[in-house]
Amino acid sequence: DIQMTQSPSSLSASVGDRVTITCRAGQTISRFLNWYQQKPGKAPKLLIYAASSLQSGAPSRFSGSGSGTDFTLTISSVQPEDFATYYCQQSYSTPQTFGQGTKVEIK
Amino acid sequence: QVQLQESGAGLVKPSETLSLTCTVSGGSTSSYYWTWIRQPPGKGLEWIGNIHYSGNTNYNPSLKSRVTISLDTSKNQFSLNLTSVTAADTALYYCARAGNSWYAIGVWGQGTMVTVSS
């Protein structure tokens, strides 16, 4: 299995801050890296696929970058509705695996 | 707009079989990868497996001996069977749809909680 490691596990941010979450794969996964947002009691929602492609309907303040083993998710100016848990996922090989999640909280 | 809805027993006894069905509305199952994912209470996401519309299946090796995913295109449904369940299988189970190129999961059901308890 390909291990996915996110950092940090949690962070506190103020509205308007720039937030960056990193995800590292245990082996190269090309650009088969996806980012999801999950709010309490809700299903995850796809934000970014193929490392840097914005999913239709996702706000443009979300962006992704990286390839190989190191990836980042950036929120350019965090909004109140962005406080949630974020997961990266590799879809390069089965079993597909997720990072442990990063909880973004209000400072 | 495609929507997914899980259904099935919310309480399963240890050693018995967990069975869930996902009904697809607003779209066809004759494409894409139809996927099951679970999330234990307060924990992260675990990919269980998927089935392609061609019938090809992929399973998580950690569950492979116990899991079966099937697809009924005539009913626009796909199903999950997990045998010999234990308390460790207690989780929120999601059905979902993954794309054909990058395999990202773009559509999710709302999830259904399954508790394993006697």
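Below, each value reflects all heavy atoms present in this structure, side chains not excepted, and no hydrogens, waters or symmetry copies. Letters go in sequence order (proteins before strands), and every chain restarts at 1.
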Q) Is Glu105(A) atom CD crowded by more than 12 heavy atoms from other residues, nucleotides or ligands, each under 6.0 Å away? A) yes

Q | ILVMFWY network linking Tyr93(B) to Ile105(B), side-chain heavy atoms under 4.5 angstrom | A | no

(Q) Let me check something: do Leu80(B) and Leu11(B) share a hydrophobic cluster, defined by ILVMFWY side-chain heavy atoms less than 4.5 Å apart, either directly or through other members? (A) no

Q. Side chains of Trp47(B) and Thr94(A): closer than 4.5 Å at any heavy-atom pair?
A. yes

Q. Any side-chain heavy-atom pair from Ser53(A) and Trp102(B) closer than 4.5 angstrom?
A. no

Q) Taking Pro40(A), Gly99(A), Pro95(A), Ser56(A) one by one, which has the highest count of heavy-atom pairs under 4.5 Å against chain B? A) Pro95(A)

Q) Ring centres of Trp108(B) and Tyr36(A) under 6.0 Å apart? A) yes

Q: Answer yes or no: are there more than 12 heavy-atom neighbours, outside Phe83(A) itself, under 6.0 Å from its atom CZ?
A: yes

Q) Measuring from Thr85(A):OG1 to Leu45(B):CG, what's the distance to the nearest 0.5 Å? A) 9.5 Å

**Q.** Side chain, backbone, both or neither of Thr35(B) within contact of chain A (heavy atoms, under 4.5 Å)
**A.** neither

(Q) Tell me whether the count of non-hydrogen atoms from other residues, nucleotides or ligands lying under 6.0 Å of CZ in Arg61(A) goes above 12. (A) yes

(Q) Is Ile48(B) in contact with chain A via its backbone, its side chain, both, or neither, using a 4.5 Å heavy-atom distance? (A) neither

Q) Heavy-atom count around Tyr32(B) OH within 6.0 Å, excluding the residue itself: above 12? A) no

Q.
Pair Gln110(B), Lys42(A) - check side chain to side chain contact (heavy atoms under 4.5 Å, CB included), show working.
A. CA-CA 7 Å; Gln110(B) 65 184 25; Lys42(A) 298 293 187 181; over 6 Å; no

Q. Tyr94(B) and Gln38(A): which non-hydrogen atoms are nearest, and at how many Å?
A. OH-NE2, 3.3 Å

Q. Which heavy-atom pair separates Leu46(A) from Gly106(B) by the least distance, and what is that distance?
A. CD2-CA, 3.9 Å

Q) When only pairs under 4.5 Å are counted, which of Pro44(A), Gly41(A), Ala50(A), Gly101(A) shares the most heavy-atom pairs with chain B? A) Pro44(A)

Q: Could you state whether Tyr92(A) and Tyr103(B) fall into the same hydrophobic cluster, counting links through intermediate Ile, Leu, Val, Met, Phe, Trp or Tyr residues with side-chain heavy atoms under 4.5 angstrom apart?
A: yes

**Q.** Reported CG-to-CG distance for the pair Asp1(A) and Asn60(B), which is rounded to 0.5 angstrom
**A.** 6.0 Å

Q: Could you tell me which non-hydrogen atom of Phe98(A) sits nearest to which non-hydrogen atom of Ile37(B), and how far apart they are?
A: CZ-CD1, 4.0 Å

Q.
Are Val2(B) and Phe78(B) connected into the same hydrophobic cluster when the rule is that any two of I, L, V, M, F, W, Y join if their side-chain heavy atoms are below 4.5 Å apart?
A. yes

(Q) Please classify the contact between Asn58(B) and chain A as side chain, backbone, both or neither, with a heavy-atom cut-off of under 4.5 Å. (A) side chain

Q: Could you look at Gln96(A) and say if it's the side chain, the backbone, both or neither that has a heavy atom under 4.5 Å from chain B?
A: both

Q.
For Gln79(A), is the CD atom crowded, meaning more than 12 foreign heavy atoms sit under 6.0 Å from it?
A. yes

Q) For Phe32(A), is it the side chain, the backbone, both, or neither that has a heavy atom closer than 4.5 Å to a heavy atom of chain B? A) both

Q) Does Ser91(A) use its side chain to pair, donor to acceptor, with the backbone of Ala104(B) at less than 3.5 Å? A) no

(Q) With clusters defined by side-chain heavy atoms of hydrophobic residues (ILVMFWY) lying less than 4.5 Å apart, directly or transitively, does Trp34(B) cluster with Leu92(B)? (A) no

